[in-house]
There are 2 protein chains.
Amino acid sequence: MKKKVSLKDIAQEAGVSVALVSYVLTNKEEKARVGQEMAKKIRKIARKLNYQPNHIARSLKSGRSDTIGLIVADISNPFFGHVARTIEDEAKKNNYTVIVGSSDENMDKSGDLINVLLNRQVDGLIVIPTEGSEAQIRQLQDRNVPFVLIDRFFPDIATSSISIDNYAASHDAVSHLIRSGRKRIGMIAYKTNMHHIAERRRGFSEALTDNGLTTAGLLKLARYSHIKEDIRTAIDQLMGAKKPADALFFATNSLAIEGLRYIIELGIKVPEQLAVVSFDESEAFDLFHAPVTFIRQPILEMGKAAVRVLLEHIRDGERPAEEVCIDTELVIRRSSAAQ
Amino acid sequence: MKKKVSLKDIAQEAGVSVALVSYVLTNKEEKARVGQEMAKKIRKIARKLNYQPNHIARSLKSGRSDTIGLIVADISNPFFGHVARTIEDEAKKNNYTVIVGSSDENMDKSGDLINVLLNRQVDGLIVIPTEGSEAQIRQLQDRNVPFVLIDRFFPDIATSSISIDNYAASHDAVSHLIRSGRKRIGMIAYKTNMHHIAERRRGFSEALTDNGLTTAGLLKLARYSHIKEDIRTAIDQLMGAKKPADALFFATNSLAIEGLRYIIELGIKVPEQLAVVSFDESEAFDLFHAPVTFIRQPILEMGKAAVRVLLEHIRDGERPAEEVCIDTELVIRRSSAAQ
DNA sequence: AATATATGCTTAAACGATTAAGTAAGCAAG
DNA sequence: CTTGCTTACTTAATCGTTTAAGCATATATT
């Protein structure tokens with residue numbers, strides 16, 4: 001790669017010191033009392049040589065990299081892709097660059113990523129935390145690293161976070177199913193202790209009991225690492241029971257998509273035989289023969305809030321944690337139509 | 001953010017010079033003939049203080065950032081998300097970090113991104129180029145920046161590139177439709193001069209003429225900025241003609257998804273009334289009542305190849321351009337079943 | 001005339017790491 | 001006892017930028 005033009009090159013050509021060039025090109029001419037003629041000359045040379053400041057050198061001097069790190073579960077998953085995109089755009093507006101990494105819901109990878117990003121001197125982190133990563137988060141706090149959790153958080157650790165009310169959204173969705181006449185509503189969620197999923201499960205259970213329905217045998221869990229098999233087992237159990245389920249609530253879009261694949265395979269009629277509702281949005285939901293009712297997460301607002309709060313922390317290291325909770329929206333479509 | 005531990009801190013605690021610490025911690029003790037005792041002591045202190053090298057300082061000295069820049073059209077699009085993910089993983093294996101940016105198929109944004117990434121001293125670029133960005137690519141060549149184009153390339157510019165044979169894949173898919181009895185096959189593609197899309201269109205046209213079919217009025221173009229309207233118009237024209245189309249070939253998954261939304265709305269029967277084939281993969285294709293036949297791009301291989309070729313260029317600035325072309329696979333499903 | 005102030009630039013240190021070159025002390029060989 | 005070789009370190013320069021402090025020279029003020 002051709003060597004880039006540095007202040008030194010410009011200084012040489014102008015016959016002045018490097019410092020003077022720096023003053024001019026960072027618009028500190030007045031403060032540094034640079035002559036008008038000389039300023040003009042320097043600028044002209046800089047333009048001629050197409051000078052581009054070396055960001056690395058600047059960072060070393062300033063201690064800031066104008067870069068934020070983003071850790072998602074998997075950038076190839078459209079949900080996280082969207083989150084990443086809004087954060088990228090929002091960061092750019094503030095002259096920040098984003099480095100993204102995928103943790104695969106694996107706490108070791110997540111820990112590695114945090115280290116890599118911090119060694120690259122990111123100014124702060126936006127993290128979608130993984131199960132079991134509490135210690136990593138506490139470390140960030142101890143080290144006083146500016147960071148924001150997004151999508152999920154740990155109720156036992158007071159950190160800045162951007163999230164939705166998973167309990168309410170879930171309760172809402174299930175209540176909608178009940179109102180539309182469903183009596184045996186099953187749920188398929190991830191087998192995890194992560195708070196956001198636990199809240200979704202709680203919303204489901206309480207919506208049932210609030211309406212005098214039993215929850216017995218209706219909550220099924222799938223392992224992240226064995227989605228396909230576990231979902232098939234779950235659906236087999238729910239639909240094969242003496243009283244088969246008449247509605248199914250999926251805790252995430254990945255679960256729903258995998259579940260719908262099997263529902264198609266089994267030839268189950270949606271919504272006649274089985275109503276379906278899912279968390280999260282997906283293009284795939286539009287193409288299913290009965291467009292799928294879903295809980296829309298406000299990804300754009302979440303991304304914006306995450307960047308805003310993170311930048312506040314970066315600018316003021318003493319700022320207290322801020323927990324942002326944004327409303328969701330239940331988008332009702334044919335998959336949950338009344339029987 | 002708490003100040004990080006530097007070599008200086010360790011040197012102070014050990015009562016030695018910074019240089020000595022550097023030699024030890026970069027495992028150059030033998031070359032620098034460091035005493036065994038002292039080496040041990042230094043390592044111990046480093047561990048105690050949890051020293052993490054400052055990557056920025058290293059980069060400034062070495063001129064390498066161990067970072068590669070990736071420019072995609074839109075990271076929230078699953079196709080590009082997958083590409084990004086494979087590149088992230090492959091880069092990590094080689095101790096490289098990736099900075100991704102989305103160009104939105106906009107050449108100004110693409111140019112800005114290239115500048116931002118180069119100013120951040122990335123060691124090389126992997127680019128999914130945008131229409132009209134030829135000048136930017138030539139500039140990269142002039143500046144001798146290591147880079148690889150992926151997914152698309154400019155036939156007039158000799159660069160390293162990773163791509164598929166768009167013509168063949170398209171010809172293949174359309175031939176498949178013809179073999180399954182379709183006579184009036186329409187295609188919806190982007191209105192662009194980008195070579196990869198042009199090749200897809202050419203594959204379509206030639207497959208028709210090779211089989212003695214007319215192409216008249218069967219190729220429809222949609223603007224990237226007006227996908228929805230343009231697709232609706234295109235489908236209206238194709239299906240409303242005196243001899244309506246009996247098959248539809250989409251040039252990308254975004255076009256297909258938007259098209260299928262409208263096909264559902266119109267109540268067109270797939271595959272009975274209309275066969276459908278699309279370029280690219282999508283979860284949504286699985287949930288459509290007639291699983292959609294599609295052309296699978298070898299994203300994993302493409303990502304791996306891109307990183308491999310880029311690293312070769314980074315390591316050897318004189319290396320000649322390498323054009324990699326990887327085979328696609330036509331995955332035949334019900335949406336294109338024989339009539 | 002002596003002093004103060006303004007102007008226009010340079011010097012030098014710093015950020016954190018790397019690395020060639022230098023030095024000081026110990027020991028062996030001639 | 002001088003020279004040379006090891007050994008075990010230190011010094012100092014460097015990467016590109018920023019910025020406080022310094023230094024002439026010219027002009028204004030008393």
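Just the heavy atoms: all of them, side chains too, but no hydrogens, waters or symmetry mates, feed the values below.
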Self-check item: Closest-nucleotide ordering on DNA chain D, the 5'-leading residue of B/S62 and B/V18
Solution: B/V18
Self-check item: Gap between atoms CD and P, on A/E29 and D/dT18 respectively (whole Å)
Solution: 14 Å
Exercise. Kindly say if B/K28 contacts the phosphate of C/dT19, meaning a side-chain N or O under 4.0 Å from OP1 or OP2.
Key: yes
Self-check item: Whole angstrom value for the distance that separates C1' of C/dA17 from CZ of B/R64
Solution: 13 Å
Practice problem: Please determine, for the side chain of B/R33, which listed nucleotide (C/dC15, C/dA17, D/dA8) has the closest atom? | Solution: D/dA8
Quiz item: Would you say a side-chain N or O of B/S22 is under 4.0 Å from OP1 or OP2 of C/dA17?
Solution: no
Quiz item: Whole Å only: how far is the CG atom of B/N27 from the P atom of C/dT19?
Solution: 12 Å
Exercise. Hey, which sits more toward the 5' end of DNA chain D by its nearest nucleotide, B/Y23 or B/A57?
Key: B/Y23
Quiz item: Taking the six-membered ring for Trp, are B/H313 and B/F147 ring centroids under 6.0 Å apart?
Solution: no
Quiz item: For the side chain of B/R120 and the backbone of A/S65, is there at least one donor-acceptor N/O pair under 3.5 Å apart?
Solution: yes
Quiz item: Quick one: is D/dA20 close enough that its OP1 or OP2 comes under 4.0 Å of any side-chain N or O from A/K31?
Solution: yes
Quiz item: Just checking A/T26: base, sugar-phosphate only, or nothing, at a heavy-atom cut-off of under 4.0 Å?
Solution: sugar-phosphate
Quiz prompt | Nucleotide of D/dC15, D/dG16, C/dC9 approaching A/S6 most closely (side-chain heavy atoms) | solution = D/dG16
Quiz item: Can you check whether A/D66's main-chain N or O pairs, donor with acceptor, with A/D123's side chain at less than 3.5 Å?
Solution: yes
Quiz item: Among the nucleotides D/dT17, C/dC9, D/dT18, which one has an atom lying closest to any side-chain atom of A/L20?
Solution: C/dC9
Exercise. Take atom NE2 of B/H55 and atom C1' of C/dT18, then tell me their distance rounded to the nearest Å.
Key: 14 Å
Quiz item: Can you check the B/L60 CG to C/dT19 P distance for me, whole Å?
Solution: 13 Å
Quiz item: Of the nucleotides D/dT17, D/dT11, D/dT19, which one has an atom closest to the side chain of A/A19?
Solution: D/dT19
Quiz item: What are the two closest heavy atoms between B/E105 and B/A73, and how far apart are they?
Solution: OE2-CB, 3.5 Å
Quiz item: Are B/R58 and C/dT18 close enough that a side-chain N or O sits under 4.0 Å from OP1 or OP2?
Solution: yes
Practice problem: Examine distances only and state if a side-chain atom of A/K109 and a backbone atom of A/S102 form a donor-acceptor pair shorter than 3.5 Å. | Solution: no
Quiz item: Do any side-chain nitrogens or oxygens of B/S17 fall under 4.0 Å of OP1 or OP2 in D/dT10?
Solution: yes
Quiz item: Please give, in whole Å, the distance from C/dC15 P to B/I56 CD1?
Solution: 15 Å
Quiz prompt | Between P of D/dG16 and CD of A/Q12, the distance in whole Å | solution = 12 Å
Exercise. Mind calculating the distance between NZ (A/K61) and P (D/dT19) to the nearest angstrom?
Key: 6 Å
